[in-house]
Amino acid sequence: MNPATRAAVAGARRSPRQLLLTGLAVLVATVFAAAAVLLTASLRADLLGNTSSVPAGATFALETDTSSGAATTELEGRLRALSGVTAVSTSRSGAVAVVAGGASGTWLLSTDPMTGPLQGLEPLTAGRLPAGPGEALVGASTAERTGLAPGATVGLGDRTLTVTGVVPVRSEGIDSLVVRDDDPAAAGLSAYRTAVAGKPDPTALAAVPGVTGVRTADDQRTEDLASASASADALLAGLSVFVGLALVAAAVVVASTFRIVLARRTRELALLRCVGAGRGQVVRSVLAEAALTGLVAGVAGAAVAVAGGWVALAAAGAAGMNAPALVVPWGRIAGCVLLAVVVTVLAALAPALAAGRTPPVVALGAADASGARAPRARVRLSLAAVSLVLAVLLAVAGVAMGSPLGGLVLAALSGMLVFAALVATGPFVVSGAAALVAPVVARWAPGRIAVGNARRMSRRTAAMTTVLSLGVGLTAAMLVAVAGASADVTASLERDYPADIVVYADAGEAASLAARLDAVPELTAREADGLVLVDPAPGVDPVAVRTAVVRAAGDAPVAFTAELREQAETTVGAVRGVGLGLVGVTLLVAVVGIGVTLALSVSERTREIALLRTLGLSRAASRRAVAIEAALAGAVAAVLGVVLGGVYGLLALTASGLGSLTVPPLGQLAGLAVAVVAVAVLASVGPLRRAGRIEPAHGVVAA
């Protein structure tokens, strides 16, 4: 180990707080990355155990060309007649109109043999299995939503089914019933897959009329599991995009904090150079320190993710939720730690090279803050111009492509190029914003100090601003895109469902059904384009309306517009919540970056603040100066992020064709901007308290 590296390691042992502060952003990003890996691994394991629809006792899975109940019954009879066949069951399901009081509507009806080697039900949570036709099981979530319990009855057309038990089902998102294979209520359901138990000859199975494919049950399960695994991998790929954004934000924060840390250690590095340490040794020592920082942050982040995942799933299980077991793929978790180390080292590379290039004599007399050097305008502006031109070209190509996925990819690449341009021009943007604010705070000492420091240390302030603007931009784009998609869904519902209730009757029955429903005093019905449109009279009992319409509709599917609108709003809300949660990690990294940067900045400026205190600056004023600096960074990030995010949200809607928007959600965007400034100020609470504790004597001693 060279002397410079030994000095860096010794410094880390002396001041572990600085090491933790430098790696805090990486720790947050690693928690997110490791949590994404844990989520997909746990979901994959859960899917692998529950995805396949082939019963455990099946030996063969058959694909058939039958669809009607009669044809399916005939096929099952031919299969049972084969030598070696001990049981046959066909999975059937379909939408049916159900009368169940206020829960009347279109439900999912499916079949199961209930007993024997081919039954595929989960253990009942209440009641018993149906003993014959006319009895049914209700899905667990359906029972919870509707209040149905064993002993209750539901109507299917002219039939009445008695609920005998409650069972967990896969399709928990829709109201569901399960009946026996031989129940007449299942006669019109579509056949999905036929399972066979026993040891029949596969050739004999394939020769049965109506059988189009024969696979062993194990082969079919393997295919089902591969499909489930692919779904989990797709989820991980989608999460990887947001993990990458969080890591980019963490890298910018780490680069900024390393610049500040190395600026504070200028004299230490210069002394090492004077006693014989070469440029390469200094660079390697800084990179070794970065690797140590990344390793500590990565291990801590992975540990937090594993512990948090275990606690979250344990709490979900204790609350009665059907939560999967935690699966920890240690190889991938180790990969997250390695990624944290690599990102930290790469982020520290530029500051390390800068530290190595400083000659000993110059370093001994250098200023304490390298961030005070003016940014190189020619290089930065040239890079920004190239990035912006490419961003515009990609945005135009994304709109013109005509492919939703390709358009979104090009729009995302365009956005990243704009962010790169913002990183390059950040110091000039911050300086310009500070110049605009300067006249407003000219007569207020804390304001003058904050604005002056932002202009003097524009590179450092820009690092906070650009990372925060990335998080704000992603959030704003998400809000605009969801608002556009929501408006499109609402318009589609109003166009496709022009009445409170829509009945999809057969073409020859629509007119007569409309006449029968219109004869009911509480209803107004009409036929339009083969649909029966029903509106209830004001003040009529909704339960009575639903019951009357569903009974009259028979087997025809019934859609209740209010329910569809509620489902759409719930879906949009869920998408918004998940999206904001994902981009919120980038925001969290940015906020952590503000706190860390300000903390290191206050520590770096201890002598400066102490001298100001000696000249009469009060504790409160020194605190306000730090808070104003944070507010300025937050305000610049809020404006940039909201404007750019709004533009790219509209671009994503246009490129993907998922919706359109005439009026952006101005209230939400304004609330986002205000919240960002407030959170930036809150992130400065620790540093501003430390600034207030600096005594004037520190300045006298330093002088």
Side-chain angles (χ1 to χ4, degrees), residues 25 28 249 252-253 256 419 422-423 425-442 444 446-455 457-458 460-480 580 583-599 601-602 620-649 664-692:
V28 173
V252 175
V253 172
S256 174
F419 175 69
L422 187 59
V423 171
T425 59
F428 309 110
V429 174
V430 168
S431 296
L436 290 175
V437 175
V440 180
V441 297
W444 190 31
R448 289 199 308 273
I449 294 171
V451 170
N453 188 64
R455 298 181 69 176
M457 306 292 183
S458 60
R460 183 186 63 207
T461 308
M464 295 188 293
T465 301
T466 51
V467 175
L468 189 56
S469 66
L470 174 61
V472 176
L474 290 170
T475 307
M478 180 66 65
L479 291 175
V480 171
L580 292 179
V583 301
V585 178
T586 303
L587 263 178
L588 178 60
V589 172
V591 171
V592 168
I594 288 179
V596 170
T597 303
L598 286 176
S601 173
V602 169
S622 62
R623 294 192 185 103
R624 293 192 193 102
V626 176
I628 294 169
E629 187 175 350
L632 178 61
V636 174
V639 172
L640 290 173
V642 167
V643 172
L644 294 176
V647 170
Y648 274 90
L666 298 178
Q668 296 180 19
L669 295 178
L672 171 64
V674 173
V676 166
V677 176
V679 170
V681 174
L682 286 176
S684 68
V685 168
L688 66 85
R689 291 181 61 184
R690 183 174 181 182

Closest heavy-atom pair and its distance - Val430, Ala454: CG1-O, 3.9 Å

Set of residues satisfying side chain to side chain contact (heavy atoms under 4.5 Å, CB included) with respect to Val423, sequence neighbours excluded: Phe419, Thr466

Criterion side-chain contact (heavy atoms from CB on, under 4.5 Å) on Val480 and Leu669, from CA distance to verdict: CA-CA 8 Å; Val480 171; Leu669 295 178; 4.2 Å; yes

Criterion side-chain contact (heavy atoms from CB on, under 4.5 Å) against Leu580, the qualifying member of Thr475, Leu672, Leu587: Thr475

Derivation and outcome, side-chain contact (heavy atoms from CB on, under 4.5 Å), residues Leu640 and Val429: CA-CA 10 Å; Leu640 290 173; Val429 174; 4.0 Å; yes

Trace of the side-chain contact (heavy atoms from CB on, under 4.5 Å) decision for Leu644 with Ser469: CA-CA 9 Å; Leu644 294 176; Ser469 66; over 6 Å; no

Residues that Arg689 engages under side chain to side chain contact (heavy atoms under 4.5 Å, CB included), provided they are two or more places apart: Val685, Arg693

Heavy-atom closest contact (Gly634 atom, Leu468 atom, distance): CA-CD2, 3.9 Å

Least distance between heavy atoms, Val467 atom then Ala249 atom: CG1-CB, 3.7 Å

Results of side chain to side chain contact (heavy atoms under 4.5 Å, CB included) for Ala477 - residues two or more places apart only: none

Shortest non-hydrogen contact from Pro446 toward Ala621: CB-O, 3.6 Å

Considering all heavy atoms, the nearest Ala630-Leu598 contact: CB-CD1, 3.6 Å

Ile594 side chain near Val679 side chain, heavy-atom distance below 4.5 Å: no

Flag, side chain of Thr461 to backbone of Ser458, donor-acceptor distance under 3.5 Å: no

Distance-minimising heavy-atom pair for Val592 and Ala25: CG1-N, 3.9 Å

Derivation and outcome, side-chain contact (heavy atoms from CB on, under 4.5 Å), residues Val626 and Arg690: CA-CA 10 Å; Val626 176; Arg690 183 174 181 182; over 6 Å; no

Atom pair CD1/CD of Ile449 and Glu629 - distance to nearest 0.5 Å: 10.5 Å

